[in-house]
Amino acid sequence: MAGSPRRAAGQRLQLPLLCLLLQGATAILFAVFVRYNPETDAALWHWGNHSHADNEFYFRYPSFQDAHVMVFAGFGFLMAFLQRYGFGGVGFTFLLAAFALQWSTLVQGFLHSTHGGRIHVGVQSMVNADFCAGAVLISFGAVLGRTGPAQLLLMALLETVLFGINEFVLLSLLEVKDAGGSMTIHTFGAYFGLVLSRVLYRPQLEKSKHRQGSIYHSDLFAMIGTIFLWVFWPSFNSAPTVLGDGQHRTALNTYYSLTASTLSTFALSALVGEHGRLDMVHIQNAALAGGVVVGTAGEMMLTPFGALAAGFLAGTVSTLGYKFFTPILEAKFKVQDTCGVHNLHGMPGVLGALLGVLVAGLATHEAYGEGLDSVFPLVAAGRRTATSQAIYQLFGLLVTLTFASVGGGLGGLLLKLPFLSSPADSQCYEDQVYWEVPGEQEEEAQGPLRAEEPDSRA
Amino acid sequence: MAGSPRRAAGQRLQLPLLCLLLQGATAILFAVFVRYNPETDAALWHWGNHSHADNEFYFRYPSFQDAHVMVFAGFGFLMAFLQRYGFGGVGFTFLLAAFALQWSTLVQGFLHSTHGGRIHVGVQSMVNADFCAGAVLISFGAVLGRTGPAQLLLMALLETVLFGINEFVLLSLLEVKDAGGSMTIHTFGAYFGLVLSRVLYRPQLEKSKHRQGSIYHSDLFAMIGTIFLWVFWPSFNSAPTVLGDGQHRTALNTYYSLTASTLSTFALSALVGEHGRLDMVHIQNAALAGGVVVGTAGEMMLTPFGALAAGFLAGTVSTLGYKFFTPILEAKFKVQDTCGVHNLHGMPGVLGALLGVLVAGLATHEAYGEGLDSVFPLVAAGRRTATSQAIYQLFGLLVTLTFASVGGGLGGLLLKLPFLSSPADSQCYEDQVYWEVPGEQEEEAQGPLRAEEPDSRA
Amino acid sequence: MAGSPRRAAGQRLQLPLLCLLLQGATAILFAVFVRYNPETDAALWHWGNHSHADNEFYFRYPSFQDAHVMVFAGFGFLMAFLQRYGFGGVGFTFLLAAFALQWSTLVQGFLHSTHGGRIHVGVQSMVNADFCAGAVLISFGAVLGRTGPAQLLLMALLETVLFGINEFVLLSLLEVKDAGGSMTIHTFGAYFGLVLSRVLYRPQLEKSKHRQGSIYHSDLFAMIGTIFLWVFWPSFNSAPTVLGDGQHRTALNTYYSLTASTLSTFALSALVGEHGRLDMVHIQNAALAGGVVVGTAGEMMLTPFGALAAGFLAGTVSTLGYKFFTPILEAKFKVQDTCGVHNLHGMPGVLGALLGVLVAGLATHEAYGEGLDSVFPLVAAGRRTATSQAIYQLFGLLVTLTFASVGGGLGGLLLKLPFLSSPADSQCYEDQVYWEVPGEQEEEAQGPLRAEEPDSRA
């Protein structure tokens with residue numbers, strides 16, 4: 001490695017030691033605090049002698065599994081679009097998400113579901129942990145290829161805590177609705193990552209420009225991620241909603257919204273492409289914006305038409321963002337955004353939050369009937385008007401943007417700690433820095449890469 | 001583009017304008033006609049105060065999700081087998097299916113499920129819409145690589161209407177059984193596409209011969225599609241059947257039928273291959289014929305042995321079709337069939353319909369007991385004999401073949417409209433015509449392709 | 001082919017004839033013995049007039065589908081990591097598993113679930129058959145690239161029988177618990193394959209050394225397998241457990257165990273890698289060891305901490321196994337293990353069995369309450385103490401190791417039958433021996449491969 005053997009050793013050991021340290025810490029905390037909930041514990045479940053069919057497992061597990069596929073296969077392969085960063089895209093997604101599941105079980109547990117000082121876990125906590133992992137991966141998308149795995153784990157460590165607090169403020173204190181996470185997952189994850197990326201801004205990045213694009217087959221691997229995210233998004237948004245009509249309606253709205261964002265993405269991509277050609281970057285990403293934009297309003301009485309309109313708008317904004325706004329973001333605002341998370345999660349997330357404000361404000365007893373109690377309990381109980389619920393929803397968005405920006409700033413400073421390994425400007429978007437790449441050991445032995453191992457910023 | 005700037009602009013704008021037009025039209029129709037059904041509507045569901053567990057969502061959504069994966073990931077990647085048409089295979093599948101889901105919600109809704117002039121939607125309509133999308137994608141497979149996206153959207157526009165009418169005639173007027181769609185999906189989609197392909201016959205296609213094959217990795221991408229289609233096919237066939245034993249039996253029959261078509265495909269592929277080698281085209285496609293062939297009889301008392309026998313036969317016929325019949329189809333009948341849909345969906349679909357005729361004709365009160373009412377209600381009610389039900393099943397096949405052939409012919413004429421963009425004979429099976437292909441902008445700038453942009457047939 | 005035309009023909013016909021013979025035999029046995037069970041049979045189900053919601057289909061089918069994906073897509077793509085054996089990895093997985101599903105329906109049916117001389121099939125038998133297929137594919141992983149498809153089918157024929165007998169001895173005679181198959185699937189499959197590989201040891205294998213590694217994109221295809229195995233493993237382990245808390249707890253334990261094995265795998269891989277680099281072989285395989293190690297104890301009151309600890313240990317042992325033990329296994333013990341199944345399934349399987357011994361031995365009425373009856377019925381009934389149950393569990397492991405070793409030895413001798421086609425030492429890990437490989441027909445026509453077609457050992 002560059003520099004003295006000691007520092008090289010220090011660099012080499014960062015990832016393993018951090019993994020072991022974090023795993024050791026979560027394991028101890030699990031031993032002390034985490035217990036089976038009454039639906040997973042043999043004694044508690046049978047003590048209640050329920051019918052097996054009542055176990056929440058049967059109502060939420062299929063949706064959980066679909067969301068679980070999205071987090072690991074969906075995000076993972078979508079981030080494999082770079083020509084030389086497929087191992088990092090899929091591999092670091094795998095690492096970060098696995099850690100986030102453990103850590104956010106603890107964070108969310110302490111904040112939401114302690115019983116007698118113990119955290120109770122079951123399928124619902126599994127869904128919540130996967131949602132937090134999703135936010136972490138969105139932030140990862142902003143800095144994909146420009147950060148080392150140890151940096152990413154520290155980012156996940158901090159982000160998971162702030163995600164949990166923000167979610168607690170919104171859902172428990174402000175009592176806003178955000179089942180699919182337009183605010184808590186997408187807006188939070190995107191702006192946390194973008195501000196963090198701003199702090200880590202690399203002016204010399206053009207040194208890696210030749211590696212920033214995709215190649216034919218890496219685009220097809222990315223489409224694996226896109227398609228699985230697209231087909232399972234209805235399960236993602238409906239996984240934590242109230243049972244019965246709530247899950248059913250949320251899945252249906254998401255399904256329609258995605259079809260509309262797909263059509264608008266193809267339309268806009270061809271419209272703005274040279275020679276009217278379609279751009280894979282738009283199809284891989286903007287077509288998914290329909291899932292993001294109904295993350296808040298999907299469980300409400302959005303109406304099928306409302307779902308189409310929202311999806312259409314999201315796909316349009318997202319595609320135009322990739323074409324016109326991403327370059328400005330880097331040139332003017334010094335924010336480098338590898339996966340364009342601002343276009344897929346940032347703007348559509350904010351739109352989704354505003355859609356939630358609108359639909360909540362329009363809620364009436366006629367439209368929801370007895371169901372109003374399960375969608376807007378405070379409004380049903382007469383403790384809030386629909387308008388005040390709408391104002392709370394809006395306030396939730398502002399809180400989220402604040403937590404995300406401050407958190408992302410702190411995260412950026414944390415990742416700049418001088419001893420943390422990070423790829424050199426000329427080594428970004430290159431798997432060989434952190435991975436054994438098949439068939440290239442010898443070339444690399446005396447090749448140009450040899451000289452440019454990860455550097456510390458010291 | 002080739003020709004005058006104006007026509008070039010016209011060509012460039014075809015896809016975006018058509019997408020926007022179609023999306024605008026479906027959105028307006030959704031606003032006027034589409035409403036949540038009593039299981040997705042907050043007021044209606046709670047008014048009935050059901051137990052959440054009764055919501056149809058819990059009985060059909062997992063099967064729906066599996067079928068949804070098949071349509072987008074299964075068909076999409078299976079159609080990515082061409083060396084230079086992976087973007088088009090996955091991407092146009094994505095576009096066509098997304099549009100078909102919206103459009104067939106309207107068409108099927110008007111025909112099947114209007115209540116007070118309104119279309120009621122829920123998980124069942126989602127399943128039906130995905131089934132129609134499946135038929136459209138089968139037709140797409142016949143013309144893969146030889147049509148432009150605007151042409152394909154117009155094909156989907158027409159085919160979805162005819163699919164809905166044919167399905168209505170079979171299921172509602174003739175009251176034949178076809179849960180998994182051997183007739184309504186596979187036979188209809190295949191022959192619609194084949195007749196359409198006949199109308200679009202290109203005598204000069206050998207100009208693109210060098211792009212018609214696969215390469216090593218494109219075959220592996222195609223296997224992603226094959227495997228997901230194969231594992232989820234039991235869910236596809238059972239998604240719309242009666243609950244309880246109906247779904248259970250259909251899934252079981254499909255599962256066994258697919259194992260048999262896989263074994264017969266490997267056997268026949270090695271038998272007819274030079275040096276006894278296996279051909280990936282057979283494995284990717286014919287091994288799936290077992291799912292097609294039990295699309296009608298799968299919910300009947302086919303028996304596990306019957307499922308094996310049917311699957312074995314379908315795999316055999318399909319493999320032999322790829323080896324011997326596809327060349328004849330092009331040479332003698334002037335029908336070009338890129339994916340060999342005649343072998344995977346056409347012949348196995350017809351066999352499946354005939355199997356349905358046979359098994360329906362053998363239905364007895366002994367074999368079905370009280371269950372006869374849910375599989376063959378008219379026979380149970382004494383309004384039809386098993387034999388007359390069988391005759392109706394056979395008539396359903398003839399109706400389907402008629403609708404498919406006439407519809408495919410009309411579709412072909414529609415797609416020949418002179419102003420519609422379509423790849424030149426030398427540009428078929430080439431992504432670069434409609435997609436920005438990474439790393440080839442410069443080459444293409446003054447390269448041979450430059451001169452041979454999509455032409456209009458004017 | 002090498003040698004006389006007749007033998008060449010004999011070689012060519014081995015696979016097709018064996019497929020047809022096996023399919024014919026299973027079809028006849030299905031006709032005579034296999035019947036729908038009371039939950040899939042129209043008459044039996046309606047005779048009982050149950051509510052549809054009671055049908056076991058709704059409790060087990062979603063988990064079955066996830067396990068089904070693991071067997072075909074998970075194992076298939078994980079075995080596509082070799083640079084020139086992707087067709088064989090995915091394709092032969094497809095063939096072997098399809099056959100094993102049929103054959104083990106019969107074998108397991110005769111041993112477990114005959115009613116009046118008939119085998120009753122339904123979703124439970126589908127799960128069991130997929131589990132047997134999993135064991136066969138584990139053994140396949142040990143000899144991947146060094147055996148012909150006809151040899152592999154004979155291996156599956158024998159292994160399925162021994163798998164069924166071993167499973168019967170453990171679950172029905174010894175009444176040990178092993179829901180996720182740490183013993184019956186992983187330990188059995190691994191040691192069966194390793195002993196078989198020992199018998200087929202090839203001292204001249206370095207002739208194929210240049211094909212034994214992966215390339216960049218083959219590693220990404222393998223990650224498709226890894227990710228789907230990882231996300232669905234909780235469904236695999238919980239698919240056959242008791243309903244309610246049993247399935248719920250098993251899924252939760254597996255979920256946590258896998259997160260821990262992922263973290264320990266990344267830690268150890270970087271720790272032992274040169275320059276601290278991560279090795280894709282470890283990530284693709286060892287990260288999954290957490291699913292293997294809780295295959296026995298996952299349904300017990302392992303506690304979430306116990307799941308993390310077990311997963312951490314399994315990932316560690318597995319990664320170290322790949323790095324240090326696999327070379328010794330070949331050099332000292334003459335056992336060639338293409339996929340390192342000893343590291344992913346062998347050692348973690350044994351660890352999982354021992355974990356089961358431990359947790360069973362610690363079972364108390366306090367911890368399980370009324371649930372003890374569903375996890376350890378004999379202990380609940382007072383017919384065994386927890387300690388004696390633990391001893392039975394340990395005995396189950398020894399029985400499994402014995403069946404696997406003896407069976408693998410017999411299997412090796414069977415596969416050495418002189419007339420069976422097998423790739424030459426210089427032709428191992430090469431798809432072109434058994435597959436038409438696109439774009440290489442001409443080269444192969446007079447190329448070096450031409451001379452080295454599969455040889456018989458005669």
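Keep in mind that this is a model prediction, so the values were computed, not measured. Below, chains carry the letters A, B, ... as their sequence lines are ordered, and counting in each starts from 1.
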- Part of B/A307 lying under 4.5 Å from any heavy atom of chain C: neither
- At a heavy-atom separation under 4.5 Å, does C/F99 approach chain B through its side chain, its backbone, both, or neither? both
- Taking it one step at a time, do B/L252 and C/V123 satisfy side-chain contact (heavy atoms from CB on, under 4.5 Å)? CA-CA 7 Å; B/L252 184 71; C/V123 68; over 6 Å; no
- Query: What part of C/F228 lies closer than 4.5 angstrom to a heavy atom of chain B: side chain, backbone, both or neither?
  - Reply: side chain
- Item | Minimum heavy-atom distance between C/Q23 and B/L263, given as atom pair plus value | OE1-CD1, 3.3 Å
- Message: Which atoms of B/N253 are under 4.5 Å from chain C, going by heavy atoms: the side chain, the backbone, both sets, or neither?
- Response: side chain
- Note on the structure: Applying a strict 4.5 Å limit to non-hydrogen atoms, the region of B/F59 in contact with chain C is both
- Message: Are B/I227 and C/V69 packed together at the side-chain level, in the sense that at least one heavy-atom pair is separated by less than 4.5 angstrom?
- Response: no
- Task: Would you mind reporting whether B/H248 and C/W45 have side-chain heavy atoms less than 4.5 Å apart?
- Result: no
- With only heavy atoms counted, which part of B/Q284 is less than 4.5 Å from chain C, the side chain, the backbone, both or neither? neither
- Tell me, do B/L220 and C/F87 make a side-chain contact under 4.5 Å, heavy atoms counted? yes
- For C/Y85 and B/Y216, the nearest pair of non-hydrogen atoms, with its separation, is N-OH, 3.2 Å
- Query: Please walk me through it: do B/Y255 and C/H68 pass ring-ring contact (aromatic ring centres under 6.0 Å, His included)?
  - Reply: CA-CA 10 Å; B/Y255 167 89; C/H68 205 42; 5.5 Å; yes
- Task: For residues C/Y58 and B/Q247, report the shortest heavy-atom separation together with the two atoms involved.
- Result: OH-OE1, 2.5 Å
- Query: Would C/Y61 and B/S235 count as having a side-chain donor-acceptor pair, cut-off 3.5 Å?
  - Reply: yes
- When only pairs under 4.5 Å are counted, which of C/N55, C/T26, C/L29, C/L17 shares the most heavy-atom pairs with chain B? C/N55
- Task: State, without any angle test, whether C/Y36 and B/D245 hold a side-chain donor-acceptor pair at a distance under 3.5 Å.
- Result: no
- Task: Name the region of B/S214, side chain, backbone, both or neither, that has any atom closer than 4.5 Å to a heavy atom of chain C.
- Result: both
- Task: With a 4.5 angstrom heavy-atom cut-off, could you sort out which part of C/D130 is near chain B: side chain, backbone, both or neither?
- Result: both
- Query: What is the minimum heavy-atom distance between C/R12 and B/H275, and which atoms define it?
  - Reply: CD-C, 3.3 Å
- Message: Can you confirm whether C/L101 sits close enough to B/Y256 that some side-chain heavy atom of one is under 4.5 Å from a side-chain heavy atom of the other?
- Response: no
- Message: Less than 4.5 Å apart, side chain to side chain, heavy atoms only: is that true for C/Q65 and B/P234?
- Response: yes
- Where C/C19 and B/F266 come nearest, the two heavy atoms and their spacing: SG-CB, 4.3 Å
- Which region of B/F312, side chain (C-beta onward) or backbone (N, CA, C, O), has a non-hydrogen atom less than 4.5 Å from a non-hydrogen atom of chain C, or is it both or neither? side chain
- Query: Can you find a pair of side-chain heavy atoms, one from C/D41 and one from B/R249, that are under 4.5 Å apart?
  - Reply: no
- Side chain, backbone, both or neither: which part of B/T226 has an atom under 4.5 Å from a heavy atom of chain C? side chain
- Note on the structure: Whatever's closer than 4.5 Å to a heavy atom in chain C on B/F232 counts as both
- Do the side chains of B/P304 and C/V121 get nearer than 4.5 Å, heavy atoms only? yes
- Under a 4.5 Å heavy-atom cut-off, does chain C meet the side chain of B/L308, its backbone, both or neither? side chain
- Query: For B/P62, is it the side chain, the backbone, both or neither that has a heavy atom under 4.5 Å from a heavy atom of chain C?
  - Reply: side chain
- Message: Does any backbone or side-chain atom of B/A309 lie under 4.5 Å from a heavy atom of chain C? Answer side chain, backbone, both or neither.
- Response: neither
- Where on C/I224 is there a heavy atom nearer than 4.5 Å to chain B: the side chain, the backbone, both, or neither? side chain
- Item | Derivation and outcome, side-chain contact (heavy atoms from CB on, under 4.5 Å), residues C/W435 and B/M280 | CA-CA 7 Å; C/W435 298 84; B/M280 260 294 172; 3.9 Å; yes
- Taking C-beta and beyond as the side chain, do B/E370 and C/W47 meet within less than 4.5 Å on heavy atoms? no
- Using a cut-off of under 4.5 Å on heavy-atom pairs, state which of B/V231, B/I215, B/T262 scores highest against chain C. B/V231
- Item | Selection from B/G273, B/G369, B/A270, B/A260 maximising heavy-atom pairs under 4.5 Å formed with chain C | B/A260
